[in-house]
Protein chains: 2
Amino acid sequence: MSKPPARIRLADAAFALFDERGYEQTTIDDIAERAGVGRTTFFRHFRSKEAVIFPDHDRLLELIRDRLATSSHRTALVAVSDAVRLVLMHYIEEGDLARRRYALTSRVSALRDREIASVARYQRLFREFIAEWMGDPTEAASLRAEIMAAAVVAAHNHVLRRWLRGESADPVAEVDEAMSEVLSLFPAPAGEDTGRGGTTVVAFRTGQDLDTLLPALRRLVEGGAEASAGTAGRRPGAS
Amino acid sequence: MSKPPARIRLADAAFALFDERGYEQTTIDDIAERAGVGRTTFFRHFRSKEAVIFPDHDRLLELIRDRLATSSHRTALVAVSDAVRLVLMHYIEEGDLARRRYALTSRVSALRDREIASVARYQRLFREFIAEWMGDPTEAASLRAEIMAAAVVAAHNHVLRRWLRGESADPVAEVDEAMSEVLSLFPAPAGEDTGRGGTTVVAFRTGQDLDTLLPALRRLVEGGAEASAGTAGRRPGAS
DNA sequence: GGTGCAACGGTACTCAGTACCAGCAGGCTG
DNA sequence: CAGCCTGCTGGTACTGAGTACCGTTGCACC
């Protein structure tokens with residue numbers, strides 16, 4: 001009966017004590033004592049009290065960075081929505097541990113804040129990747145990259161939280177659905193993923209009927225990418 | 001020459017010292033001493049060391065809650081994109097103070113994390129408002145609310161940061177633009193803000209030309225909201 | 001003057017996190 | 001075997017944030 005390594009014992013002890021007495025009511029001394037190690041050893045394995053319950057976000061962040069760097073997707077958004085699956089997978093592999101952590105972060109605001117800060121780092125990575133990928137330094141492109149990254153992360157979090165609450169039996173399928181929902185929000189620029197000669201229809205609402213606006217539609221299609229992109233940002237329904 | 005109230009003196013002293021020595025290198029004792037008050041008084045005015053430099057998010061959150069509760073906009077997203085302006089306005093009114101805070105949060109990760117956590121609270125409020133407003137408890141609606149809230153906040157933050165960096169002369173106009181960009185991503189359900197009899201065109205990409213898909217388009221338009229909503233999530237370009 | 005009250009200062013405490021030092025087991029070399 | 005290096009460990013002492021409590025001061029109002 002050889003004892004498991006100190007790191008494992010500390011994590012187990014921490015989770016157990018947090019469950020028993022709550023997070024704030026548990027001191028590092030308590031954790032170290034139950035794990036049968038000295039206080040110093042705790043800080044040798046974990047940077048802080050909060051770090052005990054969180055996964056290694058830095059490593060995961062690096063994993064994602066690599067995945068993005070070597071990705072060969074058609075658009076930045078597809079690459080990112082693919083990479084975000086890594087995060088979901090990581091949590092799923094943790095299984096019950098992830099759920100216990102969720103129960104804690106739901107109750108303790110300090111932990112919730114920390115979780116949110118971690119998520120923000122993923123979002124930032126995505127934003128930078130998208131912006132770089134687009135290679136378009138304009139303001140509009142930068143804003144678009146920001147919104148895209150936020151949408152991907154929000155969709156991921158939504159699915160993840162559903163799974164953590166036990167509301168989802170198949171989170172992988174759900175995240176696929178959620179990602180295509182996000183992708184559908186951001187139609188790819190014309191002539192990019194489809195070959196030339198296709199048709200791009202831009203979404204809008206209008207009080208006119210289809211026949212009335214058909215000529216304008218034809219003009220847009222024939223005008224190519226620039227013309228259709230030019231109207232994408234406006235909202236004809238409001239005029 | 002009557003001294004300004006202790007709260008102001010403390011905040012001034014804190015900002016000055018943070019600039020001089022850096023955030024971590026400044027202790028509460030330092031701040032209290034420079035402000036000419038006792039250490040106890042510091043904690044009587046601010047809950048923590050971080051709280052000195054942050055605005056009163058709780059109050060602002062309440063302001064926004066009220067604004068949302070009394071808003072009479074056509075869609076939840078419009079109401080939210082309107083309410084988020086309050087946040088921007090608040091920062092703008094702070095003027096130079098907001099910029100000094102930004103310089104600090106950019107350097108000190110603990111402060112950045114705290115800022116992010118605050119922003120997440122706004123986002124959560126927006127998400128809950130949108131979800132409630134939609135009154136649609138389905139999974140798809142819930143996901144949509146989450147993404148909408150994230151997009152609004154991302155767009156706001158983008159404009160705000162530009163202004164904080166001195167890259168924007170007219171942030172109010174910019175946030176208006178950014179919000180209509182967000183609104184254009186989420187077309188309103190049919191028959192809601194436009195009267196009946198209008199036409200809804202759903203965005204998609206296809207390899208076919210306009211004439212080929214025109215019949216299908218007519219069927220969609222005549223089929224009404226359900227039919228068009230049914231195709232909104234798919235991506236014909238991928239099939 | 002007395003009373004209530006709000007803000008203040010001081011002391012003492014807990015606890016997270018850091019720095020430093022000393023011990024100890026195992027492997028490797030001479 | 002002795003010497004030595006290395007990785008892991010425990011202990012002690014310190015700094016600094018945050019809390020609890022208590023006594024004091026200043027001020028308005030009666």
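Order of the sequence lines fixes the chain letters, A, B, ..., with proteins taken first and strands second; residue numbering starts at 1 for each chain.
- By the 4.5 Å heavy-atom criterion applied to side chains, A:Ile64 and A:Phe126 are counted as neighbours.
- What separates CZ of B:Arg7 from C1' of C:dC8 is a distance of 16 Å, to the nearest Å.
- Here the closest heavy-atom approach between residue B:Ala35 and residue B:Arg9 is recorded as O-NE, 2.9 Å.
- At a threshold of 4.0 Å, the pair B:Arg99-B:Glu94 does not count as salt-bridged, since none of the basic side-chain nitrogens sits closer than that to a carboxylate oxygen.
- By the 4.0 Å N-to-carboxylate-O rule, A:Arg121 lies close enough to B:Asp113 to be salt-bridged with it.
- Between D:dT9, C:dG9, C:dC20, one nucleotide has an atom nearer to the side chain of A:His45 than all others, and that is D:dT9.
- Under 3.5 Å, the side chain of A:Arg44 and the base of D:dG7 form no donor-acceptor pair of N or O atoms.
- Applying the 6.0 Å contact sphere to CZ of B:Arg124 captures no more than 12 heavy atoms from other residues, nucleotides or ligands.
- Rounded to whole Å, atom C1' of C:dA7 lies 16 Å from atom CD1 of B:Ile8.
- Checked against the 6.0 Å centroid criterion, the rings of A:His156 and A:Tyr122 do not qualify as a close aromatic pair.
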Problem set entry | Pair pattern of DNA chain C in dot-bracket, where unpaired bases get dots and | marks partners in another strand, Watson-Crick or G-U under 3.5 angstrom | ||||||||||||||||||||||||||||||
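- Residues from residues 111-118 of chain A placing a heavy atom under 4.0 Å of any atom in DNA chain D do not occur.
- Note: CD (A:Gln25) to P (D:dT19) measures 13 Å, nearest angstrom.
- At least one side-chain nitrogen or oxygen of B:Thr41 sits closer than 4.0 Å to the OP1 or OP2 atom of C:dG9.
- Across the protein-nucleic acid pair, A:Asp30 atom CG and C:dT14 atom P stand 14 Å apart, rounded to whole Å.
- Remark: B:Leu143 CG to A:His158 NE2 distance equals 5.0 Å, nearest 0.5 Å.
- Taking atom CD1 on B:Ile31 and atom P on C:dG9, their separation rounds to 15 Å, with Å as the unit.
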Which pairs, protein N/O on one side and nucleotides 15-18 of chain D N/O on the other, fall under 3.5 Å?
unit_1 : atom_1 : unit_2  : atom_2 : d
D:dA17 : OP1    : B:Lys49 : NZ     : 3.4
D:dA17 : OP2    : B:Ile28 : N      : 3.3
D:dG18 : OP2    : B:Lys49 : N      : 2.8
D:dG18 : N7     : B:Arg39 : NH2    : 2.6
D:dG18 : O6     : B:Arg39 : NH2    : 2.7

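- Contacts of A:Arg7 classified as salt bridge (Lys or Arg N to Asp or Glu O under 4.0 Å), with partners at least two apart in sequence or in another chain: none.
- Looking at every heavy atom in both residues, B:Tyr91 comes nearest to B:Pro55 through OH-CG, 4.5 Å.
- A:Glu167 meets the salt bridge (Lys or Arg N to Asp or Glu O under 4.0 Å) test with A:Arg162, A:Arg165; sequence neighbours excluded.
- Sorted by first and then second residue, the side chain to side chain donor-acceptor pair (under 3.5 Å) pairs involving residues 32-44 of chain B (not counting sequence neighbours) are B:Glu20-B:Arg34.
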